Amino acid sequence: MSCTGLLGRAALLVALSLAAAAVPAVDVPYLSGRVVDEAEILSPGARERLAATSKAHEDRTTNQVVVLTVPSIGGESIEEYANRVFDTWKLGQQGKDNGVLVLVVPNDRKMRIEVGYGLEGTLPDVDAARIIRDRIAPRFKAGDFDGGVTDGIDAIIARLEGRRGATGDAGGTTLAPAARGIFDSPQIAEFERQLPPWPMRVLLGAFIFGIIGVFTILGVVTPGMGWFLYVFLIPFWAMFPIVVVGVRGALVLLGVYVVGFPLAKLIVRSRPGYAKAAADLKRTGHATFGGMVITSGGSSSGSSGGSSSGGFSGGGGSSGGGGASGSW
């Protein structure tokens with residue numbers, strides 16, 4: 001490429017950079033109340049209800065939950081703009097940092113829930129994302145801004161107050177931390193969302209369950225050694241299925257294995273051929289049961305020579321006729 005072409009490209013890049021820098025940042029509106037509807041997408045009734053809900057929550061907890069709508073934020077990212085608004089408005093109590101901003105930008109089709117430092121443990125990113133995905137976005141897609149913002153605020157307040165559901169009013173039932181399900185943990189929810197897609201999980205399941213399944217069957221039908229395999233396989237049943245069926249599914253499978261293996265073992269032991277197979281395995285080091293040939297790890301078979309109950313066998317040596325005889 002010629003020098004003229006390079007200079008032309010450089011000039012274009014400089015011009016674009018200057019043009020981008022020249023675009024003024026969208027101003028942060030004045031904080032006139034708990035609902036600042038600059039984009040005018042909410043009905044008067046919805047604004048009043050949202051403000052009343054937010055005030056009641058603040059009276060109960062000191063948390064500040066504020067709604068802001070602006071038509072557009074230009075080329076600024078919604079994360080940057082929400083952070084500017086949050087810092088300018090200084091939401092939450094000093095020392096507690098317990099503010100929440102719900103920002104809606106209808107012309108850009110963007111929204112964000114900005115959470116203060118003090119509430120990040122109560123309303124983690126994974127829950128904020130779930131509220132947007134499940135409660136707000138579907139209503140917005142249908143053109144129902146009143147319903148989307150109301151449902152979102154109700155869900156946020158319900159989460160902040162430790163209540164199931166999303167009523168967001170004082171009549172909700174408060175749950176003690178111990179009453180929340182163990183699977184409500186955001187870490188577990190985030191882990192399960194990162195699991196592979198189902199086609200890959202089916203392939204992984206065929207591999208994982210094929211291997212541990214074979215060893216489980218061997219443990220059930222093998223006399224003596226089977227109980228060692230039972231204990232040995234517990235950590236495998238506890239961890240490997242997680243990548244296929246998630247945490248809940250893995251716990252269910254582990255419970256089925258822990259209870260089911262001994263029951264299956266008792267059923268197999270009651271079959272007539274089991275006692276004979278156990279005796280043969282102890283006496284000769286190998287046995288046949290249910291069409292399977294079972295051998296002990298320390299024995300081998302030969303064409304001559306005896307086999308003691310300890311599993312000893314000849315090593316394959318021969319004699320040249322030497323030796324001595326005597327009489328008395």
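Predicted model only: the values in this text are computed from it and were never measured.
With hydrophobic clusters built from ILVMFWY side chains whose heavy atoms lie under 4.5 angstrom apart, I234 does not share a cluster with V252. No continuous path of hydrophobic side-chain contacts links V258 to V256 [ILVMFWY only; heavy atoms under 4.5 Å]. Both V245 and I211 are assigned to one and the same hydrophobic cluster, defined by single-linkage of ILVMFWY side chains at heavy-atom distances under 4.5 Å. Clustering ILVMFWY residues whenever any of their side-chain heavy atoms sit less than 4.5 angstrom apart, transitively, puts F207 in a cluster other than the one holding L203. One hydrophobic cluster holds both V231 and F240 under the rule that ILVMFWY side chains link at heavy-atom gaps under 4.5 Å.
Between I78 and D108, the closest side-chain pair of non-hydrogen atoms is not below 4.5 Å. The closest side-chain heavy-atom distance from I156 to D127 is not below 4.5 Å. When side chains are defined from C-beta on, L103 does not count as touching M111, because their heavy atoms never get closer than 4.5 Å. Between V85 and L31, every side-chain heavy-atom pair lies at or beyond the 4.5 Å cut-off.
Between the K110 side chain and the V105 main chain, no donor and acceptor come within less than 3.5 Å of each other. Between the side chain of R135 and the main chain of A155, no donor-acceptor pair closer than 3.5 Å is present. Here the side chain of R139 pairs no donor or acceptor atom with the backbone of V149 at under 3.5 angstrom. Between the side chain of D37 and the main chain of I41, a donor-acceptor pair closer than 3.5 Å is present. Here the side chain of T216 pairs a donor or acceptor atom with the backbone of I212 at under 3.5 angstrom. Between the W227 side chain and the G219 main chain, no donor and acceptor come within less than 3.5 Å of each other. Using a distance-only test at 3.5 Å, with no hydrogens or angles considered, no donor-acceptor pair links the side chain of D97 to the main chain of L119. Judged by distance alone, with hydrogens and angles left aside, the side-chain atoms of S54 form no donor-acceptor pair with the main-chain N or O of A51 at under 3.5 Å. A donor-acceptor pair is defined here as one N or O able to donate and one able to accept, closer than 3.5 Å; such a pair exists between the side chain of T61 and the backbone of H57.
The CZ atom of R112 sits 10.5 Å away from atom CZ of F86, with the distance rounded to the nearest 0.5 Å. Interatomic distance, CG of D87 versus CG of N83, reported as 4.5 Å (0.5 Å rounding). Here L160 contributes atom CG and L123 contributes atom CG; the two are 5.5 Å apart, rounded to the nearest 0.5 Å. Rounding to the nearest 0.5 Å gives a distance of 4.0 Å between CD of E76 and CZ of R84. Between the CD atom in Q64 and the CH2 atom in W89 there is a gap of 11.0 Å [rounded to 0.5 Å]. A distance of 10.0 Å separates CG of D27 from CD of E38, quoted to the nearest 0.5 Å.
Contact detail for P106 and A39: the closest heavy-atom pair is CG-CB, 3.7 Å. Across all their heavy atoms, N107 and S72 have their closest contact at CB-CB, 4.3 Å. Closest of all the heavy-atom pairs between P29 and V36 is CB-CG1, 4.3 Å. When all heavy atoms of P241 and L253 are compared, the closest pair comes out as CB-CD1, 3.8 Å. Across every non-hydrogen atom of V100 and I113, the tightest pair is CG1-CG2, 3.9 Å. Taking both residues in full, the closest heavy atoms of V26 and Y81 are given as O-CE1, 3.5 Å, listed atom of the first, atom of the second, then distance.
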### Task
Starting from the C-alpha separation in whole Å, work towards a yes-or-no answer on side chain to side chain donor-acceptor pair (under 3.5 Å) for T53 and D154.
CA-CA 8 Å; T53 299; D154 286 346; 4.7 Å; no
### Task
Run the numbers on R34 and V65 for side chain to side chain contact (heavy atoms under 4.5 Å, CB included), then give the verdict.
CA-CA 7 Å; R34 292 179 173 85; V65 180; over 6 Å; no
### Query
Under the side chain to side chain contact (heavy atoms under 4.5 Å, CB included) criterion, do I157 and N63 qualify, and how do the steps go?
CA-CA 9 Å; I157 290 177; N63 300 332; over 6 Å; no
### From CA spacing to verdict: side chain to side chain contact (heavy atoms under 4.5 Å, CB included), T69, V35
CA-CA 8 Å; T69 74; V35 180; over 6 Å; no
### Task
Apply side chain to side chain contact (heavy atoms under 4.5 Å, CB included) to the pair D151 and I136, showing each step before the final yes or no.
CA-CA 7 Å; D151 276 5; I136 303 178; 5.8 Å; no
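Scored by the ring pair (Phe, Tyr, Trp, His ring centres under 6.0 Å) test, Y257 finds Y230, W237, F261 as partners (sequence neighbours excluded).
Between F228 and F232, the ring planes lie parallel to each other; the angle is under 30°, not in the 30° to 60° tilted range.
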